[in-house]
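Worksheet for the structure shown next.
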Amino acid sequence: MTTRLLEIENLTVRLAAGQAARPIIDGVSLHVEHGEAVGLVGESGSGKSVTCRSVLGLFPEGAEAAGGLRVDGADILTMSPTRLRDLRRRDASMIFQDPRASINPLRRIGDFVTEGLRASGVSRKGALDRAEELLESVGIRAPRAALRRYPHEFSGGMLQRVMIAGALAGGPRLLLADEPTTALDVTTQAEVVSILTRLQAERDMGMLFVTHDLELAAAICDRVYVMYAGRIVEAQSAEGLFSRPRHPYTSGLLAATPRLESDRPPHGVPGRPVSLSEAPSGCAFAARCAHARPGCTEHEPGLREIDGAQVACLRAEELIHD
Ligand SMILES: Nc1ncnc2c1ncn2[C@@H]1O[C@H](COP(=O)(O)OP(=O)(O)O)[C@@H](O)[C@H]1O
Ligand code: SF4
Ligand SMILES: [Mg+2]
């Protein structure tokens with residue numbers, strides 16, 4: 001059996017040490033196979049970024065993590081800082097939502113893209129040649145000249161392409177994309193998504209694509225995990241999730257997405273998302289769920305397999321209407 005590219009098993013992240021501290025991530029399990037595109041979807045505050053950053057060993061200050069976290073079989077939680085740095089440079093890299101906040105405005109684009117290569121011992125000339133190819137592969141015109149320019153000379157969309165080029169420099173097998181298109185206008189979003197999906201396929205990378213947009217995740221991913229209040233509440237194939245969502249929260253997210261062919265306004269999920277620390281006992285979604293029953297706040301629903309989907313809803317079987 002080949003080793004999974006990314007395997008997260010029962011990951012719990014607590015903000016302060018000790019069992020008494022309430023977790024912000026609670027028992028999250030997910031995996032990404034080599035070459036597979038996997039979505040992680042949920043509203044703001046559901047724990048997507050904390051989960052995604054954990055993969056690179058980046059935790060909130062003072063946080064304590066427990067569970068299994070492996071990239072290509074290598075255990076992130078027990079890895080030495082040197083090995084972790086190598087892993088971030090070569091094996092797994094991340095693209096963030098806001099390129100302006102992630103790229104140093106005082107340094108040239110070339111320095112940003114070649115940084116990891118130079119640290120890995122590649123010559124200056126070799127790294128610049130490689131950076132030029134990378135900028136070309138993300139559609140930056142006159143890439144050699146672009147290497148000498150500064151971030152403020154680029155639009156947000158172009159700078160996001162630069163960030164993708166930088167993330168690909170070390171030839172990673174795993175790409176973590178945390179809301180990479182959220183800060184961009186719709187047209188630019190589509191361009192960046194198409195660059196990302198093309199490069200992911202060409203380079204046979206595994207990708208964890210984090211977004212609050214379920215429709216986008218379903219369009220570009222093979223499988224999708226839905227997160228609510230620090231837990232996974234549904235996981236299934238993108239196709240299945242889109243056509244037969246099993247968890248009331250997933251159905252609500254789908255209803256919240258405006259459709260081009262529909263002239264009805266999106267109705268979506270009523271109320272606001274809760275974090276785990278404010279969630280009541282039992283099902284964290286209960287206060288917003290139209291199907292809630294008194295029993296829903298008594299027992300915490302664990303993930304169960306139903307027709308090839310994993311669902312954490314006590315009433316999932318009853319709610320299926322095929
Ligand atoms: N550095 C941090 N310190 C304290 N709490 C944090 C930190 N980062 C995230 N959190 C909390 O963890 C929860 C999940 O946050 P996050 O993963 O950023 O959500 P998402 O990316 O889904 O919007 C939120 O309740 C947030 O307030
Ligand atoms: S367990 Fe109950 S409250 Fe939670 S999603 Fe299912 S029906 Fe709704
Ligand atoms: Mg986030």
Side-chain angles (χ1 to χ4, degrees), residues 1-42 45-97 102 116 119-120 167 170-180 205-210 221 223-233 235 275-277 279 284 300 302-303 310 312:
M1 204 177 78
T2 52
T3 311
R4 275 183 171 155
L5 178 60
L6 171 63
E7 177 102 61
I8 301 181
E9 265 179 320
N10 204 15
L11 177 72
T12 296
V13 177
R14 292 171 198 277
L15 276 184
Q19 288 301 310
R22 294 195 71 169
I24 47 175
I25 298 294
D26 187 23
V28 166
S29 295
L30 64 82
H31 68 271
V32 179
E33 304 283 1
H34 287 271
E36 189 187 30
V38 172
L40 182 59
V41 176
S46 54
K48 307 181 297 297
S49 293
V50 172
T51 304
C52 192
R53 293 169 67 94
S54 304
V55 177
L56 296 182
L58 301 166
F59 296 101
E61 206 178 325
E64 188 181 72
L69 195 48
R70 288 178 295 277
V71 174
D72 243 344
D75 185 350
I76 300 292
L77 294 184
T78 57
M79 200 174 271
S80 73
T82 313
R83 174 75 188 87
L84 203 50
R85 204 183 54 215
D86 284 349
L87 176 124
R88 291 178 195 145
R89 210 175 267 153
R90 275 203 314 262
D91 308 313
S93 47
M94 189 155 169
I95 306 165
F96 301 90
Q97 177 173 333
S102 316
S120 307
R173 296 186 297 286
L174 175 63
L175 190 62
L176 304 156
D178 189 359
E179 309 242 15
M205 290 182 292
M207 174 164 74
L208 185 63
F209 189 91
V210 173
C221 296
R223 289 183 301 115
V224 178
Y225 292 88
V226 180
M227 231 179 149
Y228 188 75
R231 298 183 183 124
I232 302 289
V233 295
S275 68
L276 250 187
S277 57
E300 186 193 315
L303 277 174
Q310 288 190 298

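What you see below is based on every heavy atom in this structure, not just the backbone, and it leaves out hydrogens, waters and symmetry mates.
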Under 3.5 Å, side chain of Tyr225 to main-chain N/O of His31, donor-acceptor pair present? yes
Phe59 and Leu77, any side-chain heavy atoms less than 4.5 Å apart: yes
Can you check side chain to side chain contact (heavy atoms under 4.5 Å, CB included) on Val55 and Ile76, steps first, answer last? CA-CA 7 Å; Val55 177; Ile76 300 292; 5.6 Å; no
Any side-chain heavy-atom pair from Leu11 and Leu30 closer than 4.5 angstrom? no
Quick one: does Ile232's side chain get under 4.5 Å of Gln310's, heavy atoms only? no
Grab the two heavy atoms, one from Pro23 and one from Arg14, that are nearest each other, plus how far apart they are. CD-NH1, 3.8 Å
What residues form a side-chain hydrogen bond (donor to acceptor under 3.5 Å, both in side chains) with Asn10, not counting sequence neighbours? none
Under 3.5 Å donor-acceptor, Lys48 side chain and Met227 backbone: no
With sequence neighbours left out, what residues match Tyr228 under ring pair (Phe, Tyr, Trp, His ring centres under 6.0 Å)? Tyr249, Phe285
Would you say that Pro60 contacts Ile24 through its side chain, given a criterion of any heavy-atom pair below 4.5 Å between the two side chains? yes
Please examine the side chains of Leu176 and Ser93, heavy atoms only from C-beta on, and report whether any two atoms are closer than 4.5 Å. no
Would you name the heavy atoms of Gly39 and Cys221 that are closest together and state the gap between them? N-SG, 3.4 Å
Arg173 side chain to Leu5 main-chain N or O, any donor-acceptor pair under 3.5 Å? no
Met94 to Cys52 - nearest heavy-atom pair and separation: CE-SG, 3.8 Å
Residues Val210 and Pro180: closest non-hydrogen pair is O-CD, 3.9 Å
Hey, what do you get for CG (Asp178) to CG (Leu40), rounding to the nearest 0.5 Å? 8.5 Å
Side-chain touch His34/Asp72, heavy atoms, less than 4.5 angstrom: yes
Please report the C-alpha distance between Leu69 and Ser54 in whole Å, then the side-chain angles of each, then the deciding distance to 0.1 Å, and finally whether the side chain to side chain contact (heavy atoms under 4.5 Å, CB included) criterion is met. CA-CA 8 Å; Leu69 195 48; Ser54 304; 3.9 Å; yes
If you measure from the Lys or Arg side-chain nitrogens to the Asp or Glu carboxylate oxygens, is any gap between Asp75 and Arg83 under 4.0 Å? no
Under a 4.5 Å cut-off applied to non-hydrogen side-chain atoms, are Val38 and Leu6 in contact? no
